[in-house]
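Working notes for the structure below.
Here, residue 1 is the first one in the sequence, and each next residue gets the next number. What you see below is based on every heavy atom in this structure, not just the backbone, and it leaves out hydrogens, waters and symmetry mates.
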Amino acid sequence: MNNFTGRSRNDEDENVISVELDREEIEINCLEQEDERETEKIKLKNNSNSHHFTNDDGAGSTDNNTASKRNAGVRKQLSVFMCCGQKADTKKGKQAISKDLEKKPAFTGIGLVYALLASFLFSVIALLAKKIEGVHSVEISLIRCFFQMLFLLPAIIYNKTGFLGPRDQRIFLFLRGFLGANAMILLFYAVQQMPLADATVIMFSNPVFTAILAWIFLKEKCTIWDFVFTLFTLTGVILIARPPFLFGSRIEGIEGEYTNHMKGTIAAFAGAVGAAFTFVVLRKMGKSVHYYLSVWYYAVIGFIECVIALFAIQEWSIPYCGGDRWLLILIGLLGVAGQAFLTKALQLEKAGPVALMRTMDVVFAFIFQFFFLNRAPTWWSFGGAFCVISSTSGIALRKWYINTRSG
């Protein structure tokens, strides 16, 4: 028999302690908080045949996990409810054990499934923007911002987060909205001017630029690997853009004129840099601003910016057919759903695995381009995609490894 002294599972709940059972019997010493005077002993035994954990009075709580062999011992996480300055309540302790075991998710990869769904929805949005004809990218952005405002308004009122945010964070909220809205407009413009997969690959290069910008503005650590990944990303962009002074005047595999292809490349690249600036601003704000407020500023500022831009360029138009109108509404709805899935994924999983799963954006883009747009990607596009995905995956894996070691 071994003696264990439990301690709080987290800083927020000091009334729950956790111990690990790797023997067939365990004794827990319950101590008072101030003078650590022993008040009560609880004995827990493991019965491998019945899969129960019992205290010395014979009561137990069921464990649904498969028990290990008797001679190998059992390793379980137990939680015992403790009252500060009072004796432990074994009945509540048994309830806490059952509740702790019931809280386990159906499977540990649910966060990655949410990230995959977010990637799928964002890829569908890009495809729909490509399919709509006669509607400027600014107007598509306006529709998406409108629906995000529509769905966020009740949530903000219900949670009482306010509409302006903390006074010292409003400038950052404005920058988040302005830069994020511009990145969205540039992405839709790039999708309309060049192949869907090429535009998606270039936009997906934003994590590389985020690392560089965070080093410049937030003084985050930057290593030689970040610069290597940046060079790889730029190489991928060049393979997709295929400038004539490097690849000659006869360029195959582009949509329409090469001038439009270059416009799309520049827009996608600028959009990637804008998205990187947005992520740097979000890191600067940290958790001091509620998520709803961040997206609210993005939607409101984007909506205002799009309205002004449409009047300035005189490009406001109603879609030619009813089908395109429904596609515009669908873009707005899918944008809200995609944001919800991505947020849920980041709540359940670390940023590294989620970033790796987001590489599926590029895979979906190639699939959609081939099956729905009847355009086979070129080897140059595959080469560029390989360079960009390798860079972004390298950054995600490196940060994941560093966080795992430090944690």
Side-chain angles (χ1 to χ4, degrees), residues 118-119 121-130 136-149 171-194 196-214 216-217 230 233-234 236-237 240-241 263-285 291 294-310 313 331-332 334-336 338-339 342-343 346 355 358-359 361-362 365 388 391-392 395:
S119 294
L121 293 179
F122 290 140
S123 299
V124 171
I125 289 173
L127 173 65
L128 296 179
K130 183 76 174 177
H136 199 277
S137 59
V138 178
E139 186 173 348
I140 297 176
S141 302
L142 182 142
I143 298 297
R144 180 175 173 180
C145 289
F146 172 77
F147 276 96
Q148 286 197 218
M149 290 170 52
I171 181 63
F172 297 113
L173 284 167
F174 173 82
L175 289 174
R176 183 267 183 271
F178 180 76
L179 294 170
N182 279 294
M184 174 183 58
I185 295 171
L186 290 169
L187 170 62
F188 288 146
Y189 181 80
V191 165
Q192 291 179 337
Q193 299 297 323
M194 65 189 305
L196 173 64
D198 292 351
T200 303
V201 168
I202 296 176
M203 276 295 299
F204 193 75
S205 65
N206 66 78
V208 178
F209 302 119
T210 301
I212 301 298
L213 292 173
I216 296 174
F217 294 102
T230 302
T233 299
L234 295 177
V237 173
I240 292 174
K263 288 180 181 179
T265 301
I266 295 172
F269 187 82
V273 175
F277 270 109
T278 303
F279 293 141
V280 170
V281 173
L282 288 173
R283 286 189 191 179
K284 177 67 176 177
M285 290 190 298
Y291 163 76
S294 176
V295 182
W296 173 256
Y297 267 79
Y298 164 73
V300 172
I301 294 177
F303 182 83
I304 296 173
E305 183 180 348
C306 289
V307 170
I308 296 174
L310 285 173
I313 62 179
I331 286 176
L334 292 180
V336 176
Q339 289 282 354
L342 182 58
T343 303
L346 290 171
R358 287 298 310 275
T359 58
D361 284 45
V362 177
V388 172
S391 302
T392 54
I395 286 181

Grab the two heavy atoms, one from [X] and one from [Y], that are nearest each other, plus how far apart they are.
X: A365; Y: L196; value: O-CD2, 4.0 Å
X: V191; Y: A126; value: CG1-O, 3.5 Å
X: R176; Y: V295; value: NE-N, 4.5 Å
X: Q192; Y: S137; value: OE1-N, 3.5 Å
X: A309; Y: V138; value: CB-CG1, 3.9 Å
X: A183; Y: M203; value: O-CE, 4.2 Å

Within this structure, what is the [atom1]-[atom2] distance for the pair [X] and [Y], rounded to the nearest 0.5 Å?
X: H136; Y: C306; atom1: NE2; atom2: SG; result: 10.5 Å
X: I304; Y: L142; atom1: CD1; atom2: CG; result: 10.5 Å
X: F204; Y: T233; atom1: CZ; atom2: OG1; result: 10.0 Å
X: K130; Y: I140; atom1: NZ; atom2: CD1; result: 11.0 Å
X: Q193; Y: L186; atom1: CD; atom2: CG; result: 11.5 Å
X: E305; Y: M184; atom1: CD; atom2: CE; result: 8.0 Å

Using a 4.5 Å cut-off on heavy atoms from C-beta on, say whether the side chain of [Y] contacts that of [X].
X: F147; Y: I331; result: no
X: F122; Y: R358; result: yes
X: I395; Y: V208; result: yes

Would you check if there is a donor-acceptor pair between the side chains of D361 and S119 at a distance under 3.5 Å?
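Looking only at side-chain atoms, D361 and S119 do form a donor-acceptor pair, the distance falling under 3.5 Å.
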Got more than 12 heavy atoms from elsewhere within 6.0 Å of CZ, F178?
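No.
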Could you give the side-chain donor-acceptor pairs of residues 266-285 under 3.5 Å, partners two or more places apart or in another chain?
residue	atom	partner	partner atom	Å
T278	OG1	G180	N	3.3
T278	OG1	G274	O	2.9
R283	NH1	E220	OE1	2.8
R283	NH1	E220	OE2	3.4

side-chain hydrogen bond (donor to acceptor under 3.5 Å, both in side chains) partners for T210, two or more places apart
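Here no residue qualifies.
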Does the pair T200 and S123 meet the rule for a side chain to side chain contact (heavy atoms under 4.5 Å, CB included), with working shown?
CA-CA 8 Å; T200 303; S123 299; 5.7 Å; no
Is a side-chain donor or acceptor of K263 paired with a backbone partner of M194 at a separation under 3.5 angstrom?
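Looks like no, no N/O pair under 3.5 Å.
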